[in-house]
Amino acid sequence: MSTVRLRAACPPPIAVLFSPTMNGDLFDNPATTSDETGGSDSAAYHPLLDGLNTEQRAAVTTTEGPLLVLAGAGSGKTRVITHRIAWLVQECGVEPWRILAVTFSNKAAGEMRERIERLLGGSSASLWLGTFHAIGVRLLRSFGEHVGLNRSFSIYDRDDQLRMIGRVMKAMSVSDKVFNPRAIAGYIDRAKNRCLLPDDPRLPAGGVQERKAAEVYAAYEKEMRIADAVDFGDLLMRPVQLLTKFEHLRASQAERFRYLLVDEFQDTNQAQYALLELLSSHHGNLCVVGDDDQSIYSWRGAEISNILEFPDAHANATVIKLERNYRSTRPILEASTAVVSRNRSRHGKVLWTEQAEGPPIRAHVASDDREEAEWIARTIERLSADIALDEIAVFYRTNAQSRLLEEAMRRFRLPYLVIGGHRFYERAEIKDALAYARLLVNPRDSAGWLRIVNTPRRGIGAKAVEAVNQLAQRQSCSLPEACEAIAAQGRTSGLRGVDKLQLFVALIGRLRDGLTSLRADQAGRMILEHSGLLDALREDGSLEAQGRIENLQELVTAMREHAERADNPTLVGFLEQVALVSDVDALSEKRQSVSLMTMHAAKGLEYDVTFLAGLEEGLVPHGNSAGDVAGLEEECRLLYVAMTRARKKMHLSYALARRRFGGWPEPTVPSPFLSAIPGHLLEGDGLTGRGVGTPGLAGRSGSSGGGGARHGSFGGGLRARIARLDPPVRVDDRGDGTRIEHDADGGAPGTGARVGHDGKGAAQGGDAADANSDAGRSGAISVGGQVVHVTFGRGDVLDVSGSGGLARVTVRFGRVGMKKILARFLRPA
DNA sequence: GTGTCCCAATTTTTT
DNA sequence: ATTGGGACAC
């Protein structure tokens with residue numbers, strides 16, 4: 001260990017004032033070399049600065065006043081933040097509860113807390129550390145009544161939000177054909193990101209759509225108040241409103257939080273920025289860390305100007321640039337820099353590294369999307385001999401791309417983890433169960449009521465729901481309240497199904513009574529048993545229902561884990577976590593797995609080995625930003641973010657043909673961004689293992705010659721050549737030939753079912769083709785005839801609908817009974 | 001009120 | 001390809 005000893009910048013007088021543990025001799029009493037576990041009051045500032053470079057140290061020790069840290073990718077940003085917090089606590093004697101640290105994701109918050117606790121050698125429970133949204137919730141739970149919220153308010157996700165918008169639009173007789181509810185939800189989000197209330201004159205009202213959206217927004221807000229619910233936008237806007245409107249609250253909160261730290265500042269929106277300004281208004285100790293080159297959330301209202309103009313907005317701001325990259329090998333850094341350098345609107349940092357040369361970037365041109373997934377999985381399998389799987393990640397642009405990759409992972413028996421994408425909590429049965437929980441906690445939860453009033457089926461149909469809705473509109477009350485009112489009226493309500501409503505009201509009442517002081521998992525179990533959710537699934541008995549039951553059991557497990565861990569073990573605490581945490585999969589288990597995620601989700605993470613899949617025009621950059629310069633630049637930054645995640649080895653790939661919406665493969669064009677990468681950094685061949693001297697990504701630079709582009713675009717030249725080589729790649733060279741297809745009944749993976757694939761067969765070896773050609777002759781399948789299915793065996797054809805390979809055939813199999821199956825998975829017996 | 005068939009939309013990115 | 005909604009039949 002080095003013995004460098006640094007004199008700290010002078011501690012803040014203000015901190016002295018408010019820090020009982022501070023004392024005057026702090027700086028005459030330097031490091032007593034207490035290590036990280038020595039949580040004493042000794043001023044161990046030396047270890048905190050050890051190993052940091054000059055700029056990093058400055059960023060850690062410049063505690064007072066506004067500070068902008070422009071931190072390039074891999075420049076030790078997280079390290080600076082965690083050390084800065086530890087510095088504040090240990091060196092400046094700031095009580096942890098006076099520090100507010102904001103991260104971009106819950107995951108980042110968790111990791112940061114862990115690291116801080118390691119540095120401090122103790123609990124950091126009193127430190128406020130979380131996403132803006134989590135902090136918003138905390139403020140609203142405490143002070144929400146000032147803006148008309150109960151303590152038990154619900155948090156609505158997009159689904160609930162759309163449900164409410166739909167209700168409002170119906171009441172207003174606004175056609176959802178003419179005005180897209182999703183677009184209106186987007187409008188409301190954007191308004192809230194800018195803290196614009198429905199009566200704000202600054203609301204956009206240019207066209208008919210916008211004016212109508214503004215109307216719906218106003219009505220929606222009323223409904224949300226009635227339902228005692230907030231959406232994600234509210235979690236930012238309401239706290240701002242709270243602190244703006246109520247001076248005493250602003251004063252007390254700004255007084256409380258002495259030190260504010262914000263990570264990923266380039267991705268803050270107006271509401272978040274406003275919140276920061278309000279909270280730092282007392283002392284101005286606002287430290288923001290970010291990188292304009294990594295701004296990728298403008299679609300969520302992020303304003304890159306927040307970071308670019310920070311020094312202008314804060315006259316006395318200190319600006320520190322972190323430009324030394326510690327993460328990646330030189331080729332990775334060079335390639336990334338080359339890509340992002342094409343952007344015009346940027347601050348302009350020069351990242352450098354002292355890291356040794358690394359291996360070149362591996363490039364792969366796949367014949368189609370499946371082969372790409374296959375190649376990635378196969379490469380990972382090979383790498384897994386030397387590299388831990390949790391040091392490997394695959395990034396892609398859209399969530400839809402994960403499916404092929406997942407299938408490939410399963411085929412190669414590689415454990416994987418899909419980060420984000422909401423998988424578990426997006427499931428209908430889970431949402432149903434949670435809607436019960438929410439309605440129990442918040443008796444006015446309209447969206448929750450709407451979701452479960454007839455789930456499971458209990459004979460409450462559109463008529464009854466409409467009656468309740470009408471009453472709710474008339475009385476300006478929530479749906480559950482209106483429901484109770486009608487149930488109380490009994491027969492006098494004149495509603496035929498009123499007895500069913502009464503039963504439902506009684507059920508909710510019983511559950512709510514039973515709820516008091518139960519732990520989350522106990523409450524969850526009670527809900528599942530008594531709501532009828534489980535019974536309905538048990539009765540169903542199908543394989544699918546079985547899976548749902550297992551999911552619900554998993555939910556109870558998650559509830560138990562939460563109850564054992566969290567400081568609020570009740571249902572309320574659990575609901576909160578669920579509403580805010582997206583990538584629960586990642587939280588629940590950290591076993592050895594390959595990580596799969598979108599490029600957005602990759603922000604802030606790093607891996608030894610990475611794969612970037614689907615680098616094609618239309619995907620990267622995404623088609624929706626075509627023609628929009630700012631949008632294209634953001635897509636470019638997104639690629640930059642993804643590229644800079646790799647420490648040692650990066651793989652880039654694209655497919656020459658890709659299926660969209662499950663259709664046939666369509667030819668693609670390589671991402672124009674790739675042409676920025678200098679050819680000498682790349683290695684690879686599009687024709688794996690064939691020994692054909694056709695260069696892939698790298699080769700196009702030297703040999704394609706076309707267009708004079710040295711690092712040429714992946715234009716026609718290469719593709720034409722590849723197309724002539726046939727077959728380009730034999731995908732299924734593993735012998736067991738397990739290729740899983742979704743047939744009509746969603747055949748389970750892992751059965752080893754070997755069926756033909758439905759593409760053009762470009763990537764397939766011959767073995768798949770015979771199945772294909774057989775399937776093609778669906779003309780031979782007719783009612784009364786017999787067919788054979790690879791998995792289910794022989795069966796009788798009961799019905800045929802449609803024609804060709806896409807025809808749906810109802811078959812009664814000897815072993816498994818009735819199935820509906822696409823004709824192309826069958827051949828005549 | 002529920003079940004079934006057909007059609008349309010889905011795929012940016014997330015708290 | 002899968003999903004959800006709407007139209008229709010029972």
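Naming: A, B, ... by sequence-line order, numbering from 1 per chain. Worth saying up front: this structure is predicted, and the values here are computed from it rather than measured.
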Subject >> Residues which pass ring pair (Phe, Tyr, Trp, His ring centres under 6.0 Å) with A/Tyr396, listed by chain and number, not counting sequence neighbours >> reply: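 Listed in chain order: nothing, the list is empty.
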Subject >> Sequence-distant partners of A/His600, ring pair (Phe, Tyr, Trp, His ring centres under 6.0 Å), two or more places apart >> reply: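 A/His600 satisfies ring pair (Phe, Tyr, Trp, His ring centres under 6.0 Å) with A/Tyr297, A/Trp299 only.
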Subject >> Sugar-phosphate, base or nothing in reach of A/Ala579, heavy atoms under 4.0 Å >> reply: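 The residue A/Ala579 makes no contact with any strand.
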Original post:
With a 4.0 Å cut-off on heavy atoms, is A/Phe132 in touch with a base, just the backbone sugar-phosphate, or nothing at all?
Top reply: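 Nothing, no heavy atom under 4.0 Å.
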Which residues pass the salt bridge (charged side-chain N to carboxylate O under 4.0 Å, His left out) test with [X], not counting sequence neighbours?
{"X": "A/Asp176", "value": "none"}
{"X": "A/Arg138", "value": "none"}
{"X": "A/Arg300", "value": "none"}

Starting at atom [atom1] of [X], determine the distance to atom [atom2] of [N], rounded to an integer number of angstrom.
{"X": "A/Lys431", "N": "C/dG4", "atom1": "NZ", "atom2": "C1'", "result": "14 Å"}
{"X": "A/Lys177", "N": "C/dG6", "atom1": "NZ", "atom2": "P", "result": "6 Å"}
{"X": "A/Phe504", "N": "B/dG1", "atom1": "CZ", "atom2": "P", "result": "15 Å"}
{"X": "A/Met599", "N": "B/dT14", "atom1": "CE", "atom2": "P", "result": "12 Å"}
{"X": "A/Lys170", "N": "C/dG5", "atom1": "NZ", "atom2": "C1'", "result": "13 Å"}
{"X": "A/Asp369", "N": "C/dA1", "atom1": "CG", "atom2": "P", "result": "13 Å"}
{"X": "A/Asp267", "N": "B/dT14", "atom1": "CG", "atom2": "P", "result": "12 Å"}
{"X": "A/Gln266", "N": "B/dT14", "atom1": "CD", "atom2": "P", "result": "16 Å"}

Among all residues two or more places apart in sequence or in another chain, which pass the side chain to side chain donor-acceptor pair (under 3.5 Å) test with [X]?
{"X": "A/Asp263", "answer": "A/Lys77"}
{"X": "A/Asn193", "answer": "A/Asn269"}
{"X": "A/Lys170", "answer": "A/Glu466"}

Subject >> For the student: nearest non-hydrogen atoms of A/Ala73 and A/Asp291, plus distance >> reply: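 Scanning both residues completely, I find the closest heavy atoms to be N-OD2, 3.6 Å.
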Subject >> Option among A/Gln401, A/Arg659, A/Arg660 that satisfies the side-chain hydrogen bond (donor to acceptor under 3.5 Å, both in side chains) test with A/Asp369 >> reply: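 Per the side-chain hydrogen bond (donor to acceptor under 3.5 Å, both in side chains) rule, the option paired with A/Asp369 is A/Arg659, out of A/Gln401, A/Arg659, A/Arg660.
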All N/O donor-acceptor pairs, side-chain side in residues 178-188 of chain A, below 3.5 Å, sequence neighbours left out:
{"from": "A/Asn180", "atom 1": "OD1", "to": "A/Arg182", "atom 2": "N", "distance (Å)": "2.9"}
{"from": "A/Tyr187", "atom 1": "OH", "to": "A/Pro204", "atom 2": "O", "distance (Å)": "2.6"}

**OP:** Please determine if A/Arg163 forms a cation-pi arrangement with A/Tyr156, meaning its NZ or CZ atom is less than 6.0 Å from the six-membered ring centre and no more than 45° off the ring axis.
**Re:**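 Ring-cation test returns no.
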Original post:
Pick the nucleotide of DNA chain B nearest each of A/Lys463 and A/Glu634; which residue has the one closer to the 5' end?
Top reply: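 That would be A/Lys463.
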**OP:** Let me know, please, whether A/Ala464 or A/Tyr297 comes out on the 5' side of the other along DNA chain B by nearest nucleotide.
**Re:**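 Between the two, 5'-proximity favours A/Ala464.
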Could you go through nucleotides 8-12 of chain B and list every protein N or O atom that sits under 3.5 Å from one of its N or O atoms, giving the distance for each pair?
{"from": "B/dT12", "atom 1": "OP2", "to": "A/Asn624", "atom 2": "ND2", "distance (Å)": "2.9"}
{"from": "B/dT12", "atom 1": "O4'", "to": "A/His622", "atom 2": "NE2", "distance (Å)": "3.4"}
{"from": "B/dT12", "atom 1": "O2", "to": "A/Arg397", "atom 2": "NH1", "distance (Å)": "3.1"}
{"from": "B/dT12", "atom 1": "O2", "to": "A/Arg397", "atom 2": "NH2", "distance (Å)": "2.1"}

Atom pairs under 3.5 Å, N or O on each side, protein against nucleotides 2-4 of chain B: can you list them with distances?
{"from": "B/dT2", "atom 1": "OP1", "to": "A/Gly459", "atom 2": "N", "distance (Å)": "3.1"}
{"from": "B/dT2", "atom 1": "OP2", "to": "A/Asn454", "atom 2": "ND2", "distance (Å)": "3.4"}
{"from": "B/dG3", "atom 1": "OP2", "to": "A/Arg457", "atom 2": "NH1", "distance (Å)": "2.7"}

Subject >> Positions of residues 154-164 of chain A (non-hydrogen atom under 4.0 Å from DNA chain B), listed by number >> reply: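 The answer is none.
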